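First the structure, in the form of structure tokens, and then the observations on it.
It should be emphasised that the depicted structure is a prediction, and the values quoted were computed from it without experimental measurement.
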Amino acid sequence: MQHTHLGRTALEVSRLCLGTLNLGINMTRAESFRLLDEALARELNFVDTANHYGWQVHRGMTEELIGEWFAQGGGRRGKVVLATKVFNPMSDWPNDRGLSARHIVAACDDSLRRLRTDWIDLYQMHHVDRHASWEEVWQAMELLIQQGKVRYVGSSNFAGWHVAAGQEAARRRNLVGLVSEQCIYNLITRHVEMELIPAAVSYGLGLLAWSPLHGGLLGGALRKLEEGTAVKTARGRAIVALDKHGETVAAYEKFCREIGMEPAIVALAWVLSRPGVTSAVIGPRTLAHLDDAVESLELRLADDVLEELERMFPPIGNGGPAPEAWAW
């Protein structure tokens, strides 16, 4: 396993981050525990969840499952860099959502209880709250840090200007501020290259790329659908995007066959090679998926392969520079 610093911090995290959406949903409790154990055995020390994950059964279920895993002992909690999130509704009550100071503090306490831990390493805002001022947000986060409940604060699904506004507000309070931004980033979805990534790099935030396979679309979707083995690929953003990108995905899978590489490994290796990316958030359901992800860490895509990927999946503006590069 490869490790790197999370943005400008001294905290070391694995370049693969274990996303937990599948735990307890597309996997049994025993399978979930085994996957967590096997990830840790491979020195994958970065685990990402959110307080509302598991909503298909009940909100908070995934945190509860991870808490059960920690409770087995064996140094599990001490070895893991634990990330969770706050923002999404946890009930129908109006103050049980968003980024008010009240909800941030209460939601953190609830997450700690479910996770059976005393602290959260990375507490992420799952989305910007347009009704919450940065002064209110940082007041709450500062309190949690002072209480020892949170070590670092991150964002998720923010725009570049949100990152800039948040950092400037934190600077006025002499706080470290944001240390990471978690955003969707893959060969098909590259809009973050325009402004978000330049902003994150400029402010020293580590970039955590979620859905690096676009919900399985870049993991051999067409082949799996034909074989009848598709699970995640057969629903969600992958099946929706397939209508628009079907021809491109077919060409991509053909290209991967020609170079003798698995589509999932190529797509993940591409994300990990991008400037500013600290970790790719993966969502394996099986140990084979986990092993494929680990294999991608060792893959260095040749220049001609990268050029062909750029041709098939052109960036926003067909490769034009980020807006700041236009200034004289």
### Query
After noting the C-alpha distance and the side-chain angles of E168 and R172, does the key distance pass the salt bridge (charged side-chain N to carboxylate O under 4.0 Å, His left out) rule?
CA-CA 6 Å; E168 293 307 318; R172 291 193 293 271; 5.7 Å; no

### Task
Test side chain to side chain contact (heavy atoms under 4.5 Å, CB included) on E136 and S100 and set out the steps.
CA-CA 7 Å; E136 180 177 4; S100 68; 3.5 Å; yes

### Task
Applying salt bridge (charged side-chain N to carboxylate O under 4.0 Å, His left out), run through D110 and R113 and close with a yes or a no.
CA-CA 5 Å; D110 289 341; R113 173 180 50 79; 3.7 Å; yes

## Note on the structure
Output for pair (C256 SG, L309 CG), nearest 0.5 Å, gives 7.0 Å

### Task
Spell out, yes or no, whether V80 and V13 are grouped together once hydrophobic residues are joined by side-chain heavy atoms under 4.5 Å, including indirect joins.
no

### Task
Would you check if L6 and L208 make a side-chain contact, meaning some heavy-atom pair closer than 4.5 Å?
yes

### E308 CD to E310 CD distance, which is reported to the nearest 0.5 Å
10.5 Å

### Query
Do W138 and F158 share a hydrophobic cluster, counting only Ile, Leu, Val, Met, Phe, Trp and Tyr and linking them when any side-chain heavy atoms are less than 4.5 Å apart?
yes

### Message
Run the side-chain hydrogen bond (donor to acceptor under 3.5 Å, both in side chains) test on K149 and Y123 for me, step by step, so that the C-alpha distance in whole Å, both residues' side-chain angles and the decisive distance to 0.1 Å come before the verdict.
### Response
CA-CA 9 Å; K149 297 175 180 178; Y123 200 36; over 6 Å; no

### Summary
Given the options T278, N157, D48, Q182 meets side-chain hydrogen bond (donor to acceptor under 3.5 Å, both in side chains) only with D48

#### Entry: Test log, rule ring pair (Phe, Tyr, Trp, His ring centres under 6.0 Å), inputs H52 and H126
CA-CA 10 Å; H52 80 292; H126 214 156; 5.4 Å; yes

#### Entry: Distance under 6.0 Å and angle within 45° of ring axis: R77 vs W119
yes

### Task
Measure the shortest side-chain to side-chain distance between E193 and R274 over non-hydrogen atoms and say whether it is less than 4.5 angstrom.
yes

### Task
Evaluate salt bridge (charged side-chain N to carboxylate O under 4.0 Å, His left out) for R311 paired with E307, printing each intermediate quantity in order.
CA-CA 6 Å; R311 186 192 67 78; E307 289 172 4; over 6 Å; no

#### Entry: Option among N51, T20, T84 that satisfies the side-chain hydrogen bond (donor to acceptor under 3.5 Å, both in side chains) test with E63
T84

### Query
How many angstroms lie between OG1 in T49 and CD in E64, if you round to the nearest 0.5 Å?
11.0 Å

### Task
Quick one: do R173 and E142 satisfy salt bridge (charged side-chain N to carboxylate O under 4.0 Å, His left out)? Show the steps, please.
CA-CA 9 Å; R173 299 176 72 95; E142 189 174 5; 2.9 Å; yes

### Query
Which value, rounded to the nearest 0.5 Å, describes the distance between R285 atom CZ and L21 atom CG?
13.0 Å

